[in-house]
There are 2 protein chains.
Amino acid sequence: MAHSSPPTLHDVAREAGVSIATASRALNGSARNVRSENASRVRAAAAKLGYEPHLSAQAIAKGSTRTVALVIRDVADPYFSSIAAGVTQAAEAAQLIVTMAVADGSPERELEIVRTLRGQRPRVIIVAGSRIEGTGTRDSLTEELAEYRTAGGRVVMISQRDLPFSTVTVDNHGGAERLARALLDAGYRRFAVFHAPAEIRTSRDRHAGFLSAVRAAGAPEPVAIETGFTRAGGHDAARRLVERGFDDVEAVFAVNDVMAIGAMTAFRDAGVVPGRDIGVAGFDDIGSAVDVVPALTSVAVPLREAGLTAMRLALSDEDSASVCLPADVVLRESTPPRPPA
Amino acid sequence: MAHSSPPTLHDVAREAGVSIATASRALNGSARNVRSENASRVRAAAAKLGYEPHLSAQAIAKGSTRTVALVIRDVADPYFSSIAAGVTQAAEAAQLIVTMAVADGSPERELEIVRTLRGQRPRVIIVAGSRIEGTGTRDSLTEELAEYRTAGGRVVMISQRDLPFSTVTVDNHGGAERLARALLDAGYRRFAVFHAPAEIRTSRDRHAGFLSAVRAAGAPEPVAIETGFTRAGGHDAARRLVERGFDDVEAVFAVNDVMAIGAMTAFRDAGVVPGRDIGVAGFDDIGSAVDVVPALTSVAVPLREAGLTAMRLALSDEDSASVCLPADVVLRESTPPRPPA
DNA sequence: CGGGCTCCGGAAAACGTATTCCGCAGTTTG
DNA sequence: CAAACTGCGGAATACGTTTTCCGGAGCCCG
């Protein structure tokens, strides 16, 4: 009794006085009919015994699972957890189970995860936020995923272009361009850009988009400060900017919101009031952008939508589609219109 | 070729020129030895073919899975995603796979999830954030989980006391008491409390803890305002407080940080400057508490730790342990010391 | 030199389910 | 009325793995 094992289909069949074949057919909508009297007896027996079909056994018998594997960099990061929320929502709507693995930003770990993931034989593998480029593991990862796909699996990458799989990306370049134009329209001309190392594709795209719009407008070349892709990185960059003297910069663009928020705190600590002494803009439009003071100008990225779209692509027929989601500028008090000089 | 199925143990055995039994023994550390020459040939064959064992087949053969099922209310909420981060970290350290299901705050959905989860035959089910009380589904949920446990599964609840399972809770009552004492020490005596409906246990505990310390100090009974457990709820409560006239309250305690942050924004919009005209304190110490202006006084809750602890309990031997994690007061600028009147 | 032992490989059973195939009854059709 | 057909239940097989059991080979010891 202490460790009675859960009831099996066999138990249900015996309880209902039919064969396991009939029980199986009655419980999952099989192609074949069973007499309605038998069917209801089977259902009654299943309910009485609290039977739940053993998913592993079903998987092995059917030759396919109902699993979606999601690989992300960090669950606690709002960026990724929003994506995860979209993926799970879409998966649950399709009666799929999602398993989650976190790669912690390490390409090696990511590779290892994908490898062992194949053991699950999931329907779909979704990889989000593998944004580190130039490492040797990239090719191994591609190969591993390609092998998985020829075995009938589906692969979707989120925010990782240039790989031969279905992809959903965000219009980082265009969003940054539009942000730059909006800031130029508001009267800013001299910028600093806080960006992450170039291996991080997202950072590179946003930086490039911003630059191209600034240059197209004939404004002076922005000051570029390289730092970490994190809140601490933004904080640090702001401190460095203040130290070196920033009289010539009117606004800062940080390539993501947490960096921008870190920068605002650092500015304020240095006596430079964001929104008054200097404009600050970020990217992602995370929830707390509105609660910070002054509210942060940003570019809204439909993260949850990205997760939903990834599942949609995975479930669609076409094998290597790509979707690019729009990113919309949201102007707030951190970049007030600037009186013409 | 287009849909070649992945290699099986059979293929590996054939490639290595041994039986599947030997191949199986060579690949997973079985109790039995295989001659080292054979072992290395099997490993070579497995590597060459890119073999990964079929986890479902292993599960069914071994009679147990390496799966941890996590039920949470919402992945995108930082509160839950931090817990999830702790759980996944501990699970991956133990070579376990975590599957995630989100209940969206609906007890019915939660029940349904747990039911179908049993089909996975996971080692462990962790339920976080089922904080709605008084609904009829509660008993069904308990029953379902109890049944799962007699079948050999392990159950851990997070932040849900009073159920006959292992539990990890946060010291909401004590943390709120200590917060109240800290505020009293800082010179505040007249409080308002923004709390959620009493069905939400967490809110009730924090409210009660705060009240008990205030009363013990002989300070006047706080004004209580009931509202939603969300940012919008806090915003709304602050607006109501301002409308009714708040001259007699010196500080507000909101039962969580997002409420407190919403309240700060509402106060500011009404021309009441938080930290100067009124003190504001929250609970949870979410990441953005330090980036808000003024930085928010709060009570730090070790959420990731809670996830880790849950896994530790799940993997431990004792069947119904309980752990209560400490919650530490963090004073910041939103509640500056108040000059004695 | 023979009996018992250890070491190890392979055949086969087992796990829980889906499905194919067979056969039986009842019904339709020519 | 025979023949073909339909509807449905059950036995058996398959899925990919682990594990038990059997048996052969080599060894040690008396």
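Because only heavy atoms are used, hydrogens play no part in the values below, and waters and symmetry mates are left out as well, while side chains stay in.
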Looking at every strand, decide which applies to A:Thr8 at a 4.0 Å heavy-atom threshold: base, sugar-phosphate, or nothing.
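A:Thr8: backbone/sugar contact only, no base atoms under 4.0 Å.
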I'd like to check the side-chain hydrogen bond (donor to acceptor under 3.5 Å, both in side chains) partners of [X]; sequence neighbours left out, ordered by chain and number.
X: A:Thr116; answer: none
X: B:Lys48; answer: B:Glu15
X: B:Glu147; answer: none
X: B:Arg14; answer: B:Asp11

Under 3.5 Å, N/O pairs linking protein and nucleotides 5-8 of chain D:
none

Does anything in residues 49-61 of chain B come within less than 4.0 Å of DNA chain C? Heavy atoms only, and list the residues if so.
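Hits under 4.0 Å, by residue number: B:Ile60, B:Ala61.
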Taking five pairs at each end of the helix from C:dC1-D:dG30 to C:dG30-D:dC1, what angle separates the two helix axes (nearest 10°)?
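End-to-end axis angle: 50°.
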Of all residues at least two apart in sequence or in a different chain, which pass the side-chain contact (heavy atoms from CB on, under 4.5 Å) check with B:Leu96?
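side-chain contact (heavy atoms from CB on, under 4.5 Å) list for B:Leu96, sorted by chain: B:Arg66, B:Val68, B:Ala91, B:Ala94, B:Arg123, B:Met311, B:Leu315.
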List the residues meeting side-chain contact (heavy atoms from CB on, under 4.5 Å) with B:Ser322, not counting sequence neighbours, and say none if there are none.
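Listed in chain order: B:Thr167.
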To the nearest angstrom, how far is A:His10 atom NE2 from D:dA11 atom C1'?
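Atom NE2 in A:His10 sits about 13 Å away from atom C1' in D:dA11.
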Looking at DNA chain D, which of residues 11-22 of chain A put a heavy atom within less than 4.0 Å of it?
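Contacts with DNA chain D under 4.0 Å: A:Val18, A:Ser19, A:Ala21, A:Thr22.
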With the threshold set at under 4.0 Å for non-hydrogen atoms, list the residues of residues 39-47 of chain A touching DNA chain D in residue-number order.
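When residues 39-47 of chain A is checked for heavy atoms under 4.0 Å from DNA chain D, there are no hits whatsoever.
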Taking any atom closer than 4.0 angstrom to a non-hydrogen atom of chain A, what span of DNA chain C does the protein reach, first nucleotide to last?
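The contacted stretch runs from C:dG16 to C:dC21.
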